[in-house]
J.: 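Take a look at the following structure, please.
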Number of protein chains: 2
Amino acid sequence: MAGRKVLIVYAHQEPNSFNGSLKTVAVEELSKQGCSVTVSDLYAMQFEPRATRNDIVGCLHNSNEFNYAVEMTEAYKKGCLSNDLIEEQKKVQEADLLIFQFPLYWFSMPAIMKGWMDRVLVQGFAHDFPNCYDSGLLKNKLAMFSFTTGGTEEMYAKGSMSGDIRYILWPMQHGIMHFCGVKVLEPHICFAPEYVSEGKRKEMLTAWAQRLKTLWKEEPINCTPEWYFN
Amino acid sequence: MAGRKVLIVYAHQEPNSFNGSLKTVAVEELSKQGCSVTVSDLYAMQFEPRATRNDIVGCLHNSNEFNYAVEMTEAYKKGCLSNDLIEEQKKVQEADLLIFQFPLYWFSMPAIMKGWMDRVLVQGFAHDFPNCYDSGLLKNKLAMFSFTTGGTEEMYAKGSMSGDIRYILWPMQHGIMHFCGVKVLEPHICFAPEYVSEGKRKEMLTAWAQRLKTLWKEEPINCTPEWYFN
């Protein structure tokens, strides 16, 4: 929808990868709709995934015993977060929709994207107990996890060795996004693009563009254990 | 047990933290038993979590389109992984038991530890389809996830907003360790150490030392969906 703002947090090393194509399709399709699209290209930015003292500019709240969560909360209040985090928080603040685009690494997101979650979603900015889950500080935003897998769809079916793909989504969708109040759209999963034909890969890209056309009409999922484990 | 080798992969910024104490207790107790204990102190090592081209020394297999998994598999075969990865793989190869010690960040491990998983557990070294799960290449090893939480035990009970803590363990225990053939011991979870008394924290450390005394007699869990979701 025209005027809506989208942040794509993107984690792939190779612009010519299938993930790169999915990202490009999203930028093109959403721009065509009149959305304003920003991309955080984590590898290109050499985004820092490690949660360290460097995330706080100036003096620590307690330099005798470094407590990352406490220091980050204090630094956020005082405007003393490192510049890269202030930049990312601005993008999140402005966005109506966050799209996370990545290849599944070990039943989860790549470390560089986990680092984005660990460092950007600071207490006071994204949540602040009891403002979590439905009253999280990022409510009124939407998020979607769009990713590729190495394994086929059959490998991620209920009863298979790797279990239902939804089991994997719990920490990401519920534990992170829902915790911050963000409403979660159905994930977009491209299974095993490396092991299908060029034609099939093109179909996957077309299907992604197609989904994005009606994205703003979608209802968020009901982000409770039932969605994941029943 | 005397002679056994243990690798502790440890992710906390502060030596005086409760996680630091848990790590120290483990080193002391296991050394007392005659085990040989190695610690990978990820923050102290400034361990690189990002999966990039720098992980491969010399020429790429396909420099036109960088595919991390493919390049790492080839580099492993040719002995062309970066030195930090060769070092970590040696430690894993020698270990009978891997202990992962960390504070829970966003329903998972901190990015620096996820980066260890992403970069160290290379195909050909840790798994090599169809050698995964029970026939993974690291079979005959044990692993344990030992971590602290911000939330209390009640917050991670079945039916609570944050759901059963076991939901969180699926990607880590099953998706990573079991996938590589490693047998998983019951996790060791210290709930909300920051919000309990000093006396209670000391009890937690004693309980950890106590558990380690009989660790080698423990049976691994039955790492199937039933353990996690029933």
J.: Within the side chain of A:Lys141, is there an N or O that forms a donor-acceptor pair under 3.5 Å with the backbone of A:Ala95?
T.: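 A pair under 3.5 Å: yes.
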
J.: Between B:Tyr43 and chain A, which part of the residue has a heavy atom less than 4.5 Å away: side chain, backbone, both or neither?
T.: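 Side chain only.
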
J.: Between B:Asp118, B:Thr52, B:Ile112, who has the most heavy-atom pairs with chain A when the cutoff is under 4.5 Å?
T.: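 When all of B:Asp118, B:Thr52, B:Ile112 are compared, B:Asp118 has the most.
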
J.: Using a 4.5 angstrom heavy-atom cutoff, name the option from B:Gly150, B:Pro103, B:Ala69, B:Ala111 with the most pairs to chain A.
T.: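 Result: the option with the highest number of such pairs is B:Ala111.
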
J.: Among B:Gln13, B:Lys158, B:Arg119, which has the most heavy-atom pairs under 4.5 Å with chain A?
T.: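 Most heavy-atom pairs within the cutoff with chain A belong to B:Gln13.
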
J.: In terms of heavy-atom pairs under 4.5 Å with chain B, which of A:Lys114, A:His174, A:Glu194, A:His178 leads?
T.: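 Result: the option with the highest number of such pairs is A:Lys114.
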
J.: Taking A:Phe229, A:Tyr68, A:Phe179 one by one, which has the highest count of heavy-atom pairs under 4.5 Å against chain B?
T.: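 Most pairs with chain B among the choices: A:Phe229.
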
J.: Taking B:Ser108, B:Gly159, B:Ser162, B:Pro225 one by one, which has the highest count of heavy-atom pairs under 4.5 Å against chain A?
T.: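 Highest number of pairs under 4.5 Å: B:Ser162.
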
J.: Considering only heavy atoms and a distance below 4.5 Å, find which of A:Cys132, A:Gly115, A:Pro49 pairs most often with chain B.
T.: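 Answer, by heavy-atom pair count under 4.5 Å with chain B: A:Pro49.
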
J.: Tell me, out of B:Phe107, B:Trp106, B:Phe66, who's got the most heavy-atom pairs with chain A below 4.5 Å.
T.: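 That would be B:Trp106.
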
J.: Quick one: does B:Arg53's side chain have a donor or acceptor within less than 3.5 Å of a partner on B:Ile56's backbone?
T.: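 Yes; at least one donor-acceptor contact below 3.5 Å.
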
J.: For the residue pair A:Phe100 and A:Trp116, categorise the inter-ring angle as parallel (less than 30°), tilted (30 to 60°) or perpendicular (more than 60°).
T.: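 Perpendicular: the ring planes of A:Phe100 and A:Trp116 meet at over 60°.
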
J.: So what's closer than 4.5 Å to chain B heavy atoms on A:Cys223: side chain, backbone, both or neither?
T.: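 Contact with chain B: none, neither part.
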
J.: Is there a donor-acceptor contact under 3.5 Å from the side chain of B:Gln101 to the main chain of B:Lys23?
T.: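 Pair absent, no side-chain N/O of B:Gln101 close to backbone of B:Lys23.
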
J.: I'd like to know if the side chain of B:Glu71 and the backbone of B:Asn62 have a donor-acceptor N/O pair within less than 3.5 Å.
T.: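 Judged by distance alone, yes, a pair lies under 3.5 Å.
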
J.: Heavy-atom cut-off 4.5 Å, strictly under: side chain, backbone, both or neither for A:Met109 against chain B?
T.: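 Just its backbone gets close to chain B.
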
J.: Which answer fits A:Leu121, side chain, backbone, both or neither, if we ask what part of it has an atom under 4.5 Å from a heavy atom of chain B?
T.: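 Looking at A:Leu121, backbone and side chain both touch chain B.
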
J.: Here's a test for you: under side-chain hydrogen bond (donor to acceptor under 3.5 Å, both in side chains), which of B:Glu88, B:Gln93, B:Gln89, B:Glu87 qualifies with B:Lys91?
T.: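 That would be B:Glu88; it is the only one of B:Glu88, B:Gln93, B:Gln89, B:Glu87 passing the side-chain hydrogen bond (donor to acceptor under 3.5 Å, both in side chains) with B:Lys91.
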
J.: Using a cut-off of under 4.5 Å on heavy-atom pairs, state which of A:Phe47, A:Trp170, A:Phe129 scores highest against chain B.
T.: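 Max contact count across the listed options: A:Trp170.
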
J.: Identify which part of A:Asn64 has an atom lying under 4.5 Å from any heavy atom of chain B, answering side chain, backbone, both or neither.
T.: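 Answer is backbone: N, CA, C or O of A:Asn64 sit under 4.5 Å from chain B.
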
J.: Over all heavy atoms of both residues, which pair between B:His12 and B:Asp41 is shortest? Give the atoms and the distance, please.
T.: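 Result for this residue pair: O-OD1, 4.3 Å.
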
J.: Return the minimal non-hydrogen interatomic distance between A:Ser17 and A:Tyr10, and the atom names on each side.
T.: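 Between these two residues, the closest heavy atoms are OG-OH, 4.0 Å.
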
J.: So, B:Trp227 side chain and B:Ile221 main chain: donor-acceptor pair closer than 3.5 Å or not?
T.: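 Between the backbone of B:Ile221 and the side chain of B:Trp227 there is no qualifying donor-acceptor contact (under 3.5 Å).
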
